[in-house]
Amino acid sequence: MELLSRFTRVYCQWIPHSVHDTTFHVLDLLLEILGEKIDDHLVKTVMAALLDRYTVKSTTQRESQQRFIATIMGTGTEDPNPNPHPNPAQYLESVLQICLFENKRPDASPSDDTRKMQLCH
């Protein structure tokens, strides 16, 4: 499982560079296989990949985000008997840190139109 976890971390680095929806299907399968073996470091890596500003925003990407959230919250998306593992509180600090501190806004550079308007005035 350690090898699969390391592979998933490397795979997540590639996600923002992909334009294919199958990228998210593969991520979903990897996370499903890892299940309760998902650790804090992997949570941070997956979140960074899914929230990256260059990651394709599509229906498949949003579904993948929802599955990931369900996985770390231990609620499962299709299983009527949710798995009590992992403990959602275990990831709370990591999720908050990423959402509140590390998730930066895109560069606030003025567009060409804005610059032209500034030059005209």
Approximate separation, where rounding is to 0.5 Å, of L31 CG and I38 CD1: 5.0 Å
Selection residues 10-19 - residue pairs positive for side chain to side chain donor-acceptor pair (under 3.5 Å), sequence neighbours left out: S18-T23
Neighbour count above 12 (heavy atom, 6.0 Å) for H20 NE2: no
Path from L3 to V26 over hydrophobic side-chain contacts below 4.5 Å: no
Pairwise distance OG1(T59) to CG(D21) - rounded to 0.5 angstrom: 8.0 Å
E32: salt bridge (charged side-chain N to carboxylate O under 4.0 Å, His left out) partners, not counting sequence neighbours: none
Spatial distance of atom CG (L30) from atom NE2 (H25) [nearest 0.5 Å]: 13.0 Å
Cluster companions of V19 among Ile, Leu, Val, Met, Phe, Trp, Tyr (side-chain spacing under 4.5 Å): V56
D52 vs I15 side-chain heavy atoms within contact, under 4.5 Å: no
Over all atoms of both residues, closest heavy-atom pair of T55 and A49: OG1-O, 2.5 Å
Which atom of S64 lies closest to which atom of L50, heavy atoms considered: OG-CD2, 4.5 Å
Spacing of CG belonging to L34 relative to CG belonging to L29, to within rounding of 0.5 Å: 11.0 Å
Considering all heavy atoms, the nearest K57-R62 contact: C-NH1, 4.3 Å
Connected via hydrophobic side-chain network under 4.5 Å: F68 and L4: yes
Audit row: Q65, F24, side-chain contact (heavy atoms from CB on, under 4.5 Å) steps and yes/no: CA-CA 9 Å; Q65 281 182 333; F24 302 107; over 6 Å; no
Between CD on residue Q61 and CG on residue L51, distance to nearest 0.5 Å: 8.0 Å
Any side-chain donor near an acceptor of the partner, R9 and S5, under 3.5 Å: yes
